[in-house]
Asks: 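One structure is given below, represented as structure tokens, and several questions about it will come after.
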Amino acid sequence: MTTSTTGTDTLTRDALTVLQPGFTGTTAPDWVLRRLGEGLTSVGLFGRNVASPGQLAALTGQLRAECPEVLVAIDEEGGDVTRLEVRTGSSFPGNHALGTVDDTDLTGAVAAELGRRLASCGVNFNWAPSADVNSDPANPVIGVRSFGADTGLVARHTAAYVAGLQSAGVAACTKHFPGHGDTSVDSHHALPRIDADAAVLAERELEPFRAAIATGSRAVMSAHILVPALDPDRPATLSRRILTDLLRGELGYDGLIVTDGMEMRAIAGSYGIERGSVLALAAGADAICVGGGLTDEETVRRLCDTLVEAVRSGELPEERLADAARRVRALARWAAPARRAPQPAVAPDPGIGLAAARRAVTVTRTGPAVPVTAPVYVATFSPEANIAVGDETPWGVGAELERLLPGTTTGSFTGPDAGARALEAAAGRRVVAVVRDEHRHPWMRTALDILLAAGPDTVVVEMGVPQSAPRGAPHVATHGAARVCGTAAAEAVVAG
């Protein structure tokens with residue numbers, strides 16, 4: 001059945017309203033400012049848009065001068081996934097470190113401080129936290145972005161994070177519904193599949209989302225994953241059974257539903273971003289995130305035209321597009337700095353991130369302690385970064401150990417001969433070997449075997465999910481690779 005339309009202008013404004021595009025540059029392009037005047041209500045920022053807090057505040061000020069209630073979104077999880085500090089590493093440990101400490105007051109305080117920093121730069125919508133239960137330790141895209149593998153722990157820390165972030169006036173976006181933790185495929189590259197039955201999903205994956213909804217999470221992000229027990233035909237982002245029947249109906253969620261990036265291959269590779277966007281809105285999504293890789297006005301024009309034509313043809317009911325646009329505007333009003341109710345005065349705590357990272361460090365001694373008192377050689381074994389993390393952000397312990405132990409030198413290695421090359425580069429010096437998810441990379445395991453056989457006093461620092469058996473003198477686990485995790489690890493190495 002063909003729906004009646006109320007006019008091209010209204011349709012076009014609604015179509016622009018539901019888009020969350022990205023752009024290049026550290027100032028707002030003219031096309032973004034023009035589109036904000038035409039109905040665009042959201043933009044997404046990434047590391048490429050951020051040079052400093054002052055620059056970011058100026059950028060968001062540009063956007064607000066054109067549209068006072070613009071939603072300015074960012075993917076700032078803290079930990080390994082940072083955009084505010086993409087070139088230095090984050091001042092906050094990520095979820096896995098916070099879950100390891102298991103102090104919900106600390107998690108809430110970290111999220112509140114992160115929220116204050118976002119708000120001070122004019123950012124009012126954060127695509128965080130990850131509520132995924134990391135039940136598959138080989139997961140290539142979640143890992144330390146999850147609070148852990150225990151459902152109850154993930155649920156209580158998700159709730160604490162949402163409350164803390166939103167206490168600063170920044171809307172939380174709990175992700176990736178209905179749960180991306182039990183996957184062995186990265187949805188940036190292909191379509192993951194979860195074959196758990198409905199009872200397992202209800203008890204494991206859905207509990208953190210229930211906790212987030214109960215806490216008042218202003219947004220939920222869908223996952224590009226196929227879950228046959230819930231819908232055998234379409235991935236969650238395009239599934240009415242999952243977004244409308246389950247999330248809105250069974251779980252009672254009434255906030256904004258935003259998609260994960262539509263240019264990710266899990267959707268774009270099978271449906272294309274135009275067709276995928278129509279299906280997502282029809283399924284119950286309210287906002288279309290596109291801009292991690294597509295950053296031009298032409299993408300916005302194509303998507304806007306596609307949505308308008310889908311309404312005209314009857315494929316997308318006009319009332320569904322209007323409802324989605326209404327939800328976007330409602331969140332924009334809630335998050336608008338000028339409309340926010342005054343928040344209770346809370347003193348900033350600039351040191352909370354490092355304090356939390358220190359609490360998350362665990363040290364295992366597998367043999368006699370051998371104090372580290374002289375300069376060392378730091379061999380960092382670098383896996384390929386997943387797209388969510390990116391490869392711009394530095395990580396490791398080398399810089400901090402160079403400060404604590406002057407004369408220390410560093411090197412980075414990868415591949416099947418990494419251990420031999422690191423041993424040669426060390427030239428007889430004591431080695432601090434830095435790894436990230438050793439359990440996922442056989443070549444990394446082999447490299448450690450070589451170093452430990454040659455030098456039993458080798459210190460091992462694990463900055464991913466610590467699944468492999470501890471080894472090293474000592475073995476230091478940070479549960480994340482944020483800058484503050486590296487600082488805490490270096491302190492632990494020197495302390496012995």
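Position 1 is the first residue of the sequence, and the numbers go up from there.
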Asks: Does K175 pair with D132 as a salt bridge, N-O distance under 4.0 Å?
Replies: no

Asks: Is it the case that the side chains of S468 and H439 hold a donor-acceptor pair, with the cut-off being a distance below 3.5 Å and no angle test?
Replies: no

Asks: Answer yes or no: is there a side-chain heavy-atom contact under 4.5 Å between S90 and R483?
Replies: no

Asks: Any donor-acceptor pair under 3.5 Å linking the side-chain atoms of R329 with those of T17?
Replies: yes

Asks: Can you tell me how far the OG1 atom of T259 sits from the CE atom of M264, to the nearest 0.5 Å?
Replies: 9.5 Å

Asks: Do the side-chain N and O atoms of S146 and N134 include a donor-acceptor pair separated by under 3.5 angstrom?
Replies: no

Asks: Given side chains that start at C-beta, do those of V133 and D182 come closer than 4.5 Å, heavy atoms only?
Replies: no

Asks: If you define the side chain from C-beta out and look only at heavy atoms, does anything of R35 sit under 4.5 Å from R301?
Replies: yes

Asks: Could you go through the side chain to side chain contact (heavy atoms under 4.5 Å, CB included) check for R145 and H180 one step at a time?
Replies: CA-CA 11 Å; R145 301 168 66 197; H180 207 312; over 6 Å; no

Asks: Is the W443 ring parallel, tilted or perpendicular to the F381 ring (thresholds 30°, 60°)?
Replies: perpendicular

Asks: Take L45 and F23, measure what side chain to side chain contact (heavy atoms under 4.5 Å, CB included) needs, and give me the verdict at the end.
Replies: CA-CA 8 Å; L45 302 183; F23 56 87; 3.7 Å; yes

Asks: Should the pair R302-D305 be classified as a salt bridge under the 4.0 Å nitrogen-to-oxygen rule?
Replies: no

Asks: Closer than 4.0 angstrom, basic N to acidic O: yes or no for R327 and D254?
Replies: yes

Asks: With side chains defined as the heavy atoms from C-beta onward, is the minimum distance between S382 and R436 less than 4.5 Å?
Replies: no

Asks: Enter the distance from W127:CH2 to E77:CD here, rounded to the nearest 0.5 Å.
Replies: 11.5 Å

Asks: Does A51 offer a backbone N or O that forms a donor-acceptor pair with the side chain of Q55 under 3.5 Å?
Replies: yes

Asks: Work out which heavy atom in Y253 is nearest to a heavy atom in R248; give both atom names and the distance.
Replies: O-NH1, 3.0 Å

Asks: Under 3.5 Å, is there a donor-acceptor pair between the side chain of S313 and the main chain of E309?
Replies: yes

Asks: Any side-chain donor-acceptor pair under 3.5 Å between T478 and E462?
Replies: no

Asks: Please determine whether a side-chain nitrogen of the Lys or Arg among D231 and R234 lies less than 4.0 Å from a carboxylate oxygen of the Asp or Glu.
Replies: no

Asks: Between the side chain of D437 and the main-chain N/O of V465, is any donor-acceptor distance below 3.5 Å?
Replies: yes

Asks: Kindly say whether G25 contributes a backbone atom to a donor-acceptor pair with the side chain of N49 at under 3.5 angstrom?
Replies: yes

Asks: What heavy-atom pair brings T299 and V290 nearest, and what distance separates the two atoms?
Replies: CG2-CG2, 4.1 Å

Asks: Taking atom types as modelled, find out whether H157 and N95 have a side-chain donor-acceptor pair closer than 3.5 angstrom.
Replies: no

Asks: Under the rule for side-chain hydrogen bond (donor to acceptor under 3.5 Å, both in side chains), what residues qualify as partners of R156, not counting sequence neighbours?
Replies: D102

Asks: Of the non-hydrogen atoms in T158 and T174, which two are nearest, and what is the gap between them?
Replies: CG2-CG2, 4.0 Å

Asks: Would you find a donor on one side and an acceptor on the other, under 3.5 Å apart, between the side chain of T215 and the backbone of V162?
Replies: no

Asks: Taking side-chain contact (heavy atoms from CB on, under 4.5 Å) as the definition, give me every residue that meets it alongside S120, ordered by chain and number, with sequence neighbours left out.
Replies: none

Asks: When you measure from the side chain of D286 to the backbone N and O of I257, does any donor-acceptor pair fall under 3.5 Å?
Replies: yes

Asks: Mind checking whether V300 and W31 have side chains closer than 4.5 Å, heavy atoms only?
Replies: yes

Asks: Apply salt bridge (Lys or Arg N to Asp or Glu O under 4.0 Å) to residues D30 and R34 and explain how you reach the verdict.
Replies: CA-CA 6 Å; D30 289 343; R34 185 178 70 255; over 6 Å; no

Asks: Apply side chain to side chain donor-acceptor pair (under 3.5 Å) to residues T27 and Q62 and explain how you reach the verdict.
Replies: CA-CA 8 Å; T27 59; Q62 265 190 298; 4.8 Å; no

Asks: If we ignore hydrogens and angles and just use 3.5 Å, is the side chain of H224 paired with the main-chain N or O of G261 as donor and acceptor?
Replies: yes

Asks: Is there a side-chain contact between R210 and L251 (heavy atoms, below 4.5 Å)?
Replies: yes

Asks: May I have the step-by-step check of side chain to side chain contact (heavy atoms under 4.5 Å, CB included) for F209 and S217, ending in yes or no?
Replies: CA-CA 9 Å; F209 291 96; S217 183; over 6 Å; no

Asks: Less than 4.5 Å apart, side chain to side chain, heavy atoms only: is that true for C289 and D260?
Replies: no

Asks: Looking only at the side chains, is there a donor atom on one of T41 and E69 sitting less than 3.5 Å from an acceptor on the other?
Replies: no

Asks: What distance separates L33 CG from L63 CG, expressed to the nearest 0.5 Å?
Replies: 6.5 Å

Asks: Does the pair L230 and L246 meet the rule for a side chain to side chain contact (heavy atoms under 4.5 Å, CB included), with working shown?
Replies: CA-CA 9 Å; L230 302 178; L246 175 59; 4.0 Å; yes

Asks: Between Y161 and A111, what is the shortest heavy-atom contact and its length?
Replies: O-CB, 3.4 Å

Asks: Counting distance only, does the side-chain N/O of E392 pair as donor-acceptor with the main-chain N or O of R87 below 3.5 Å?
Replies: no

Asks: State, to 0.1 Å, how close M463 and W395 come at their nearest heavy-atom pair, and which atoms those are.
Replies: SD-CE3, 3.9 Å

Asks: Taking H176 for its side chain and S222 for its backbone only, find out whether a donor-acceptor pair lies under 3.5 Å.
Replies: no

Asks: What are the two closest heavy atoms between A236 and A223, and how far apart are they?
Replies: CB-O, 3.2 Å

Asks: Is the closest side-chain heavy-atom distance between F177 and I242 below 4.5 Å?
Replies: yes

Asks: Short question: side chain of E263, backbone of G291 - any donor-acceptor pair under 3.5 Å?
Replies: yes

